[in-house]
2 protein chains.
Amino acid sequence: MAKKLDKSTEDRIKAAAEKIFLEKGFSAARTRDIAEESGLNLALINYYFRSKENLYNIIMMEKLIVFFNIIIDVLDDVNLTILERADKIVNKYTDLLLKEPNLPFFLLSEIQQNPDFFASKLNIKEKLVGSKTIRNLLLEENKKENMHFLLSFLGITLFPFIVRNVFEKLYDLTESEFSQILNERRVFIANLLTEIYPKVNQLTPEDNV
Amino acid sequence: MAKKLDKSTEDRIKAAAEKIFLEKGFSAARTRDIAEESGLNLALINYYFRSKENLYNIIMMEKLIVFFNIIIDVLDDVNLTILERADKIVNKYTDLLLKEPNLPFFLLSEIQQNPDFFASKLNIKEKLVGSKTIRNLLLEENKKENMHFLLSFLGITLFPFIVRNVFEKLYDLTESEFSQILNERRVFIANLLTEIYPKVNQLTPEDNV
DNA sequence: GTCTATAGCGAGATAGAC
DNA sequence: GTCTATCTCGCTATAGAC
């Protein structure tokens, strides 16, 4: 505690860049926007980070890690049942994405533009696909069913955050009204998963408690 | 039939622009890319469409209509039960998005950058929120539950197309392998909806058959 | 380390020949 | 209508004073 209250110049640039890149994406973001947002000077961005692209990559890496670690950290926690793990993932994503609404879209656009780079970096792939739970899911005979379940679970959890803007505009909801829906959704998803639990139950025999 | 086999210059530019904009988005797309893709000349883009932005808007409008009409057209079809309508929507989106994988992301990025413009244009909002079925969903006392159901249904249906690249890379799937999963998913979703049908059933009393 | 001024280039748009 | 050549501007990056 009691770290420096006023952030270093480097941190101020990073914070500003994070905001701008997450809002606009790489191409539409201008280094001038970042300079203005940080209250600092254009030249300092290159002094500290060498180039716009380098700064972008640093932020993108950090965000990829934050995002995927939510799943990675919980996936093989054998102290929890599958449903408890699912619940924990839902809650952690809800906490994160209420704070950083632009995050899913930011990561998607990066992966969209640069899929091979995404696959090779950060050994996210190894950690995810190498996890015991995922291996169980994918090595079984009903691999396809498991893939559908995974897509559905993540869809139910993440899709509302991805289309947040669309729904707010279509239904004239304020940000805080939609935030409330997203908060309530933790329970809705938990109930939904319980209802279809027999199905889940079949899918990961080794892991169930 | 027997329309001109070789498309007009205008159509060739539009086709090329569609491809490039859907791949790269507005900012990253260059008019030079579009010229090259069409096999035509840079100057012709401005001759026919006046500006990059104008060309982009034309394409974006068309795509918004195509995308939202899938829901709008089926929503109030009283000849179908709610489940049959859901099924039809799933199948129509699957057909469309197998052909145009970049479409959801393209529309999302537009709405992300320009939410107010999206809301005001094309009276998509009026058509969607004005539909009898949606009004029933939203005017009831259990409005919140219905919103959750809608988010879940669309999430299960559309999310796999949105994260297509991510899953292909993480699980080393070819395009055609994932296409097969998406095709099989029509049935998976139909079954899932049947399982949770009692819930659906409560939600739209006026409409059920 | 921080700033101002500017170099250098890439991209959209257009003039003008055919 | 279609092309080549070019104008112009806005952006990233950097030189150089403090």
Side-chain angles (χ1 to χ4, degrees), chain A residues 3-63 102 105-106 109-110 112-114 117, chain B residues 3-63 102 105-106 109-110 112-114 117:
Chain A
K3 293 202 170 184
K4 271 189 294 189
L5 281 180
D6 27 19
K7 290 192 289 188
S8 71
T9 301
E10 192 171 340
D11 287 343
R12 283 171 66 194
I13 294 172
K14 253 183 78 175
E18 212 175 290
K19 180 154 183 286
I20 300 294
F21 280 136
L22 283 172
E23 269 171 18
K24 304 195 176 189
F26 178 76
S27 297
R30 301 176 312 153
T31 51
R32 284 166 163 79
D33 298 331
I34 296 170
E36 194 182 342
E37 174 70 32
S38 68
L40 292 165
N41 192 277
L42 191 59
L44 289 171
I45 294 172
N46 291 288
Y47 177 79
Y48 281 101
F49 295 95
R50 205 173 66 255
S51 73
K52 174 188 173 182
E53 197 181 354
N54 188 46
L55 176 52
Y56 172 82
N57 283 336
I58 290 170
I59 289 169
M60 198 259 300
M61 294 288 194
E62 288 182 3
K63 294 300 175 185
N102 292 323
F105 191 79
F106 174 73
S109 62
E110 168 58 27
Q112 180 89 350
Q113 304 281 323
N114 238 325
F117 183 76
Chain B
K3 293 203 171 184
K4 271 188 292 187
L5 281 180
D6 27 18
K7 292 191 287 187
S8 71
T9 301
E10 190 170 341
D11 287 344
R12 283 170 67 193
I13 293 172
K14 253 184 80 174
E18 211 174 289
K19 180 155 182 285
I20 300 294
F21 280 136
L22 282 171
E23 269 171 20
K24 305 195 175 189
F26 178 76
S27 296
R30 301 176 312 151
T31 51
R32 285 165 164 79
D33 298 330
I34 295 170
E36 195 182 342
E37 174 68 33
S38 68
L40 291 165
N41 194 282
L42 190 61
L44 288 172
I45 295 172
N46 290 288
Y47 177 78
Y48 280 101
F49 295 96
R50 203 172 69 254
S51 75
K52 174 187 175 184
E53 197 181 353
N54 188 46
L55 176 52
Y56 172 82
N57 283 335
I58 290 171
I59 289 168
M60 197 258 300
M61 294 287 194
E62 288 183 3
K63 295 299 175 186
N102 293 322
F105 191 79
F106 173 74
S109 62
E110 168 58 28
Q112 181 87 349
Q113 303 283 323
N114 237 325
F117 184 73

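Since the structure is predicted, the reported quantities are computational estimates derived from the model, not experimental observations. Reminder, nothing fancy here: chain letters follow the sequence lines and each chain counts from 1.
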Q) Mind checking what makes salt bridge (Lys or Arg N to Asp or Glu O under 4.0 Å) contact with Glu36(B), not counting sequence neighbours? A) none
Q) In chain order, what residues pass the side-chain contact (heavy atoms from CB on, under 4.5 Å) check against Gln112(B), with sequence neighbours excluded? A) Asn102(A), Phe105(A), Asn165(A)
Q: Please check the phosphate of dA13(D) (OP1 and OP2 only) for any side-chain N or O of Thr31(A) closer than 4.0 Å.
A: no
Q) To the nearest Å, how far apart are Tyr47(B) OH and dG1(D) C1'? A) 5 Å
Q. With sequence neighbours excluded, what pairs up with Glu110(A) under the salt bridge (Lys or Arg N to Asp or Glu O under 4.0 Å) test?
A. none
Q.
Considering only residues two or more places apart or on different chains, which pairs with a residue in residues 24-50 of chain B satisfy ring-ring contact (aromatic ring centres under 6.0 Å, His included)?
A. Phe26(B)-Tyr56(B)
Q. When you measure from every atom of DNA chain C, which of residues 49-58 of chain A have a heavy atom less than 4.0 Å away?
A. none
Q.
Just to verify, what does Glu18(A) make a side-chain contact (heavy atoms from CB on, under 4.5 Å) with, not counting sequence neighbours?
A. Leu22(A), Ile59(A), Lys63(A), Glu100(A)
Q | Between CG on residue Leu55(A) and OG1 on residue Thr31(A), distance to nearest 0.5 Å | A | 10.0 Å
Could I get a table of every N or O pair under 3.5 Å where one atom is in the protein and the other is in nucleotides 4-6 of chain C?
unit_1 : atom_1 : unit_2   : atom_2 : d
dT4(C) : OP2    : Asn41(A) : ND2    : 3.1

**Q.** Residue-level proximity of residues 11-18 of chain B to DNA chain C when a heavy atom falls under 4.0 Å
**A.** none
Q. Ile45(B) CD1 to dC3(D) P: how many Å, rounded?
A. 11 Å
Q.
According to side-chain contact (heavy atoms from CB on, under 4.5 Å), who are the partners of Asn57(B), at least two apart in sequence or on a separate chain?
A. Glu53(B), Met60(B)
(Q) Distance check needed: dC11(D) C1' versus Arg30(B) CZ, whole Å only. (A) 15 Å
Donor-acceptor contacts under 3.5 Å from residues 10-17 of chain B side chains, at least two apart:
unit_1   : atom_1 : unit_2   : atom_2 : d
Asp11(B) : OD2    : Ser8(B)  : OG     : 3.4
Arg12(B) : NH2    : Ser38(B) : O      : 3.0
Lys14(B) : NZ     : Glu62(B) : OE2    : 2.5

Q: Mind checking Ala29(B) for me? I need base, sugar-phosphate or nothing, with any heavy atom below 4.0 Å counting as a touch.
A: sugar-phosphate
Q: Rounded off to whole Å, could you give me the CG-to-P distance for the Asn46(B) and dG12(C) pair?
A: 9 Å
Q. Of all residues at least two apart in sequence or in a different chain, which pass the side-chain contact (heavy atoms from CB on, under 4.5 Å) check with Arg30(B)?
A. Arg32(B), Asp33(B)
**Q.** Length of the CG-C1' vector between Leu44(A) and dT2(C), whole Å
**A.** 5 Å
Q.
Can you measure Asp33(A) atom CG to dG10(D) atom C1' for me and round it to whole angstrom units?
A. 12 Å
Q | Atom pair CG/CG of Asn41(B) and Asn46(B) - distance to nearest 0.5 Å | A | 10.0 Å
Q. Tell me the salt bridge (charged side-chain N to carboxylate O under 4.0 Å, His left out) pairs involving residues 43-52 of chain A, sequence neighbours left out?
A. none
Q) Would you say Tyr48(B) reaches dT2(D)'s phosphate, i.e. side-chain N/O to OP1/OP2 under 4.0 Å? A) yes
